[in-house]
Undergrad: 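The structure under discussion is supplied below as structure tokens; questions concerning it will follow.
Bear in mind the structure is a predicted one, so any value in this text is a computation, not a measurement.
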Amino acid sequence: NAGVTQTPKFQVLKTGQSMTLQCAQDMNHNSMYWYRQDPGMGLRLIYYSASEGTTDKGEVPNGYNVSRLNKREFSLRLESAAPSQTSVYFCASSEGGYTFGSGTRLTVV
Amino acid sequence: QKEVEQDPGPLSVPEGAIVSLNCTYSNSAFQYFMWYRQYSRKGPELLMYTYSSGNKEDGRFTAQVDKSSKYISLFIRDSQPSDSATYLCAMRYSGGNQFYFGTGTSLTVIP
């Protein structure tokens, strides 16, 4: 089925460890996004990529880096994970409205 | 003040009721408005997408935008237990790249 695929679905990290969240879309969308969702805070934009080769910071970029590898793929990297980065992470792509992936539940202990 | 305000609920209604979900916003430059439904432990899915003011209907769902009051609503008619989910409003500026989300309203429809 067409859509946005995120991996992994679950991850537990120790403080200071690094990891990369992967996202791929097969809808030929130009724009891709990374959000985090926390209770009472809603969805907050971490980074976005308006087109292949460009990335921009969103509302909460500190502690994260991104790579727009090609038109399909947009990855999010945590270089040194902190407990404050415990969250559910959603990737989305857009031509108009967003299509979201199913999320990655990350716990940093 | 947050850009988009949404009452978190929770909201509990009997099956068949009409549900009204609302968001207010502060920036009059918002032009595009969306409603998402999010089931527990799933990603949000797009329900309705409207531009500027007016109403849009899709089956049991009606989205309403009142730009003069900076207020948007989602109405669900003949609510069903399968409508039990969190509903998120979102909006963006004309020419903007990102949508700004409300925190979501949790809805339970009781059989």
Undergrad: For this output row, return yes or no: ring centroids of Tyr33(A) and Phe99(B) closer than 6.0 angstrom.
TA: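 So the answer is no for these two rings.
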
Undergrad: Could you state the interatomic distance from CD (Gln98(B)) to OG (Ser94(A)), rounded to the nearest 0.5 Å?
TA: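 Reported to 0.5 Å precision, the distance equals 11.5 Å.
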
Undergrad: Using heavy-atom distances under 4.5 Å, tell me whether Gln6(A) contacts chain B through its side chain, its backbone, both, or neither.
TA: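 Nothing of Gln6(A), per the 4.5 Å heavy-atom cut-off to chain B.
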
Undergrad: Is it possible for you to say whether Val88(A) and Leu43(A) belong to one hydrophobic cluster, with membership spreading through side-chain heavy-atom contacts below 4.5 Å?
TA: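 Yes, it is one cluster - the side chains of Val88(A) and Leu43(A) are joined through contacts under 4.5 Å.
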
Undergrad: Evaluate the criterion side chain to side chain contact (heavy atoms under 4.5 Å, CB included) for residue pair Tyr49(B) and Tyr98(A); output intermediate values, then yes/no.
TA: CA-CA 10 Å; Tyr49(B) 186 5; Tyr98(A) 285 167; over 6 Å; no

Undergrad: Specify which of Gly97(A), Ser102(A), Ala50(A) makes the most heavy-atom pairs with chain B at under 4.5 Å.
TA: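 Winner by heavy-atom pair count: Gly97(A).
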
Undergrad: Do Leu69(A) and Tyr47(A) belong to the same hydrophobic cluster, where Ile, Leu, Val, Met, Phe, Trp and Tyr are linked whenever their side-chain heavy atoms lie under 4.5 Å apart, directly or via other members?
TA: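 Result: no, two separate clusters.
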
Undergrad: Write out, in numerical order, the residues from residues 70-81 of chain A with a heavy atom short of 4.5 Å from a heavy atom in chain B.
TA: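 Residues in range: none.
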
Undergrad: Using non-hydrogen atoms and a 4.5 Å limit, figure out which bit of Arg105(A) sits close to chain B: side chain, backbone, both or neither.
TA: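 Just the side chain, heavy atoms under 4.5 Å.
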
Undergrad: Check the hydrophobic clustering (I, L, V, M, F, W, Y; side-chain heavy atoms under 4.5 Å; chains of links allowed) and say if Tyr87(B) and Met48(B) are grouped together.
TA: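 Yes, one cluster joins them.
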
Undergrad: State yes or no: do Tyr48(A) and Tyr89(A) share one hydrophobic cluster built from I, L, V, M, F, W and Y residues joined by side-chain heavy-atom distances below 4.5 Å, directly or via other members?
TA: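 Different clusters: Tyr48(A) never reaches Tyr89(A) through Ile, Leu, Val, Met, Phe, Trp or Tyr contacts under 4.5 Å.
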
Undergrad: Starting from Phe90(A), can I reach Val60(A) by hopping between I/L/V/M/F/W/Y residues whose side chains sit under 4.5 Å apart?
TA: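 Result: no, two separate clusters.
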
Undergrad: For chain A, find its close neighbours in residues 30-47 of chain B: heavy-atom separation under 4.5 Å, sorted by number, or none.
TA: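 So far as heavy atoms go, Met34(B), Tyr36(B), Gln38(B), Arg41(B), Lys42(B), Gly43(B), Pro44(B), Leu46(B) are the residues that approach chain A to under 4.5 Å.
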
Undergrad: Using every non-hydrogen atom in the two residues, find where Leu88(B) and Gln37(A) come nearest and quote the distance to one decimal.
TA: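 Distance-wise, the nearest heavy atoms are CD1-NE2, 4.4 Å.
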
Undergrad: With a 4.5 angstrom heavy-atom cut-off, which part of Leu45(A) approaches chain B: side chain, backbone, both or neither?
TA: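 The side chain, not the backbone.
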
